[in-house]
Amino acid sequence: MVITRFAPSPTGYLHIGGLRTALYSFLWARRNGGKFLFRIEDTDLARNSKEAAEAIVEAFKWVGLAHDGEIVYQSERFDIYKSYVQKLLDAGKAYQCYMSKDELDALRAEQMAKKERTRYDGRYRDFTGTPPAGVEPVIRIKAPLDGQISFIDGVKGEVNFNVKDMLDDFIIARSDGTPTYNFVVTIDDALMGVTEVIRGDDHLSNTPKQIVVYEALGFKVPRFHHVPMILNPEGKKLSKRDGATDVMEYKKEGYLPETLLNFLIRLGWSHGDQEIFSLEEMQAFFDPNDINKSASAYNKEKLLWLNTHYIKTLSAERLIEELKFFGMDISAHIKKVELIDALRERAKTLKEFAVMIEQIIVQPKTYDEGAVAKFLGGDALSVLEAYHKTLVQKGTMNTAGEFEESTKAFLEERGLKLKDIAQAIRIAMVGSSVSPSIFEVLAIIGYSDVLQRIQNLISYKRSTCE
RNA sequence: GACCCCAUCGUCUAGUGGUUAGGACACCGCCCUCUCAAGGCGGGAACGGGGGUUCAAGUCCCCCUGGGGUCGCCA
């Protein structure tokens with residue numbers, strides 16, 4: 001049974017790097033019929049907030065990655081951690097260290113000055129004397145003194161660390177009694193039965209520490225997959241300054257969850273030349289052993305391209321639903337499907353999509369001056385008036401086909417081309433010279449509103465001429 | 001600074017010793033066309049450098065260079 005997990009610490013929002021490792025973990029568990037667990041790493045009471053935890057859960061919900069079981073909060077498991085600290089203490093595998101923070105800082109400064117690597121010197125490792133008064137001790141684990149710690153990483157391959165230049169007796173419980181990260185992750189991963197840990201590259205050098213804990217506690221070491229970081233377009237580490245590292249920011253910008261997932265899975269992973277993956281395909285093909293070793297920069301153009309792809313191919317129902325978030329509810333519009341289909345190939349984001357819809361369904365309040373000057377000069381206005389008259393005589397019209405037929409007949413009678421009137425009609429309908437095919441637009445706007453919009457333009461033009 | 005990781009078009013990548021080094025995004029050109037898109041066709045564009053190994057190296061080994069990460073009583 002493959003059990004994976006996503007374990008963010010709630011210090012802020014869910015960022016796209018985190019979402020990517022979550023996606024990978026999710027897919028690998030699903031592909032193997034295993035479990036994908038969710039844990040909130042909130043042991044640092046001072047820095048974590050309930051809101052941040054909720055924001056992460058919300059973002060998770062938006063992209064639609066369902067986890068198995070209840071969410072585990074580390075802040076509710078301190079008793080468990082405490083018992084394991086005690087276990088190590090009793091077994092002589094951990095000890096109390098009475099070194100104060102100031103002393104530690106001084107030691108580090110000294111080591112730094114000597115250009116040595118900073119490390120705890122183990123002064124209380126075998127201490128048996130009387131502890132100094134007034135110092136609350138921290139608990140340190142007895143790490144091996146020499147040798148090598150090696151493991152096979154699913155993406156990096158064999159990784160070796162020399163104990164001498166990597167490890168020291170690191171702290172597993174602070175002086176206030178709360179346990180630290182490297183200690184609790186291993187306990188929880190072991191207790192939750194996690195078999196494969198898929199996480200960011202930045203944890204690679206934590207791994208030997210965690211292996212020390214696994215071994216001290218007699219737990220089975222899981223398989224690790226350290227996935228490379230995501231870089232910003234300049235090739236530097238992605239930071240908050242780069243903007244749009246918050247998953248929910250993508251929702252606000254009008255990206256679909258499908259887009260983001262598809263984008264993220266192709267960053268550092270591939271399946272031949274395939275670019276588009278449904279969630280089902282991702283589940284069928286994804287294997288953490290195929291993840292690239294090198295970091296990858298994300299590029300906005302590709303993200304945007306993916307979004308246009310999904311907007312083009314998604315069902316009208318879904319699009320109508322998604323558009324509501326942008327204040328555009330067209331679920332009651334009689335031509336809603338036509339509206340969606342007329343615009344889906346032009347909108348790059350849902351945000352844009354909403355604006356484009358508005359430009360069609362709401363009568364233009366102003367007209368693009370440049371377009372009016374360019375396309376309504378000469379006898380264009382009288383042609384438009386004649387066209388209006390022709391439409392009035394029709395009594396009613398409904399489909400794009402009907403509008404097209406009448407318009408073509410009108411033009412033919414006068415020896416005109418569609419070119420000669422299309423832009424004038426477009427300006428009447430939407431106020432500018434850009435829109436989808438005019439016949440589709442006419443059908444969407446509807447017969448009576450079409451007449452009115454043409455009339456409006458004519459009146460406007462007449463009034464400005466005089 | 002120490003340790004670890006990494007290195008194919010501008011970007012994401014294919015490539016597991018023999019390829020005209022393939023695809024995608026972006027860019028440029030042409031076609032289509034009622035505008036804008038979309039779409040179709042075409043184009044330019046890469047193995048960081050140096051040594052080996054081998055009949056043969058983008059692929060294996062070493063060095064250099066460059067980039068990234070970690071060195072907390074943060075996670």
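Chain identifiers are assigned alphabetically (A, B, ...) following the order of the sequence lines, protein sequences preceding nucleic acid strands; residue numbering begins at 1 within each chain. Because the structure is predicted, anything quoted here is derived from the model rather than measured.
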For [N], does either OP1 or OP2 sit under 4.0 Å from a side-chain N or O belonging to [X]?
X	N	answer
A:Lys302	B:A24	no
A:Lys312	B:G39	yes
A:Thr180	B:G72	no
A:Thr178	B:C73	no
A:Asn292	B:A14	yes
A:Arg346	B:G39	no
A:Arg266	B:A24	no

Can you tell me how far apart [atom1] ([X]) and [atom2] ([Y]) are? Round to the nearest 0.5 Å.
X	Y	atom1	atom2	answer
A:Leu411	A:Lys417	CG	NZ	10.0 Å
A:Ile458	A:Ser382	CD1	OG	9.5 Å
A:Met229	A:Asp201	CE	CG	5.0 Å
A:Leu256	A:Tyr310	CG	OH	9.5 Å

Backbone N/O of A:Lys164 and side chain of A:Arg119: donor-acceptor pair under 3.5 Å: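 Flag set: sc A:Arg119 to bb A:Lys164 pair under 3.5 Å.
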Once you round it to whole Å, what is the distance between [atom2] of [N] and [atom1] of [X]?
X	N	atom1	atom2	answer
A:Lys164	B:C4	NZ	C1'	18 Å
A:Glu41	B:A75	CD	P	9 Å
A:Gln210	B:A75	CD	P	12 Å
A:Trp269	B:A14	CH2	P	10 Å
A:Ile230	B:C5	CD1	P	22 Å
A:Glu301	B:U13	CD	P	15 Å
A:Ile171	B:C73	CD1	P	4 Å
A:Ile291	B:C5	CD1	P	17 Å

Of A:Leu418 and A:Ala7, the one whose closest RNA chain B nucleotide lies more 5': A:Leu418
Contact nearer the 5' end of RNA chain B, comparing A:Leu267 with A:Asp165: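 Its nearest nucleotide lies further toward 5', so the answer is A:Asp165.
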Among the candidates [options], find the nucleotide nearest to the side-chain atoms of [X].
X	options	answer
A:Asn299	B:U11, B:A14, B:A75	B:U11
A:Phe439	B:A75, B:U35, B:C34	B:C34
A:Ala297	B:A24, B:C4, B:U11	B:U11
A:Ser294	B:C34, B:A75, B:A7	B:A7

State, without any angle test, whether A:Gln423 and A:Arg426 hold a side-chain donor-acceptor pair at a distance under 3.5 Å. yes
Can A:Thr178 and A:Tyr81 be counted as having a side-chain donor-acceptor contact under 3.5 angstrom? no
Heavy atom of residues 131-156 of chain A under 4.0 Å from RNA chain B: which residues? A:Val138, A:Lys156
Nearest-Å distance once atom [atom1] is located in both [N] and [M]:
N	M	atom1	result
B:G58	B:U19	C1'	11 Å
B:C25	B:C41	P	12 Å
B:A38	B:C28	P	12 Å
B:U11	B:A26	C1'	8 Å
B:C9	B:A46	C1'	4 Å
B:G43	B:G51	C1'	37 Å
B:A14	B:A24	C1'	11 Å
B:C3	B:A45	P	42 Å

What about [X], does its side chain sit under 3.5 Å from the base of [N] through a donor-acceptor pair?
X	N	value
A:Arg119	B:C71	no
A:Glu275	B:G23	yes
A:Ser296	B:C12	no

Whether over 12 other heavy atoms sit under 6.0 Å from A:Gln274 CD: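 Yes - once you tally the heavy atoms of other residues, nucleotides and ligands closer than 6.0 Å, there are more than 12.
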Does NZ or CZ of A:Arg140 lie under 6.0 Å from the centre of the six-membered ring of A:Tyr120, at an angle within 45° of the ring axis?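 Cation-pi check for A:Arg140 and A:Tyr120: passes.
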Polar-atom pairs under 3.5 Å, protein N or O versus N or O of nucleotides 68-70 of chain B: list them with distances, or write none.
| from | atom 1 | to | atom 2 | distance (Å) |
| --- | --- | --- | --- | --- |
| B:G68 | OP1 | A:Lys236 | NZ | 2.9 |
| B:U70 | O4' | A:Ser205 | OG | 3.2 |
| B:U70 | O2' | A:Ser205 | OG | 3.1 |

Are A:Lys300 and A:Glu253 ion-paired here, with the side-chain N under 4.0 Å from a carboxylate O? no
Given that both distances must come in under 3.5 Å, which nucleotide forms a Watson-Crick or G-U wobble pair with [N]?
N	value
B:C71	B:G1
B:U16	none
B:A7	B:U65

In this structure, which one of A:His225, A:His226, A:Lys293, A:Arg223 forms a side-chain hydrogen bond (donor to acceptor under 3.5 Å, both in side chains) with A:Asp153? A:His226
Please enumerate all residues that pass ring-ring contact (aromatic ring centres under 6.0 Å, His included) together with A:Tyr73, with sequence neighbours excluded.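 For A:Tyr73, no residue satisfies ring-ring contact (aromatic ring centres under 6.0 Å, His included) once neighbours in sequence are set aside.
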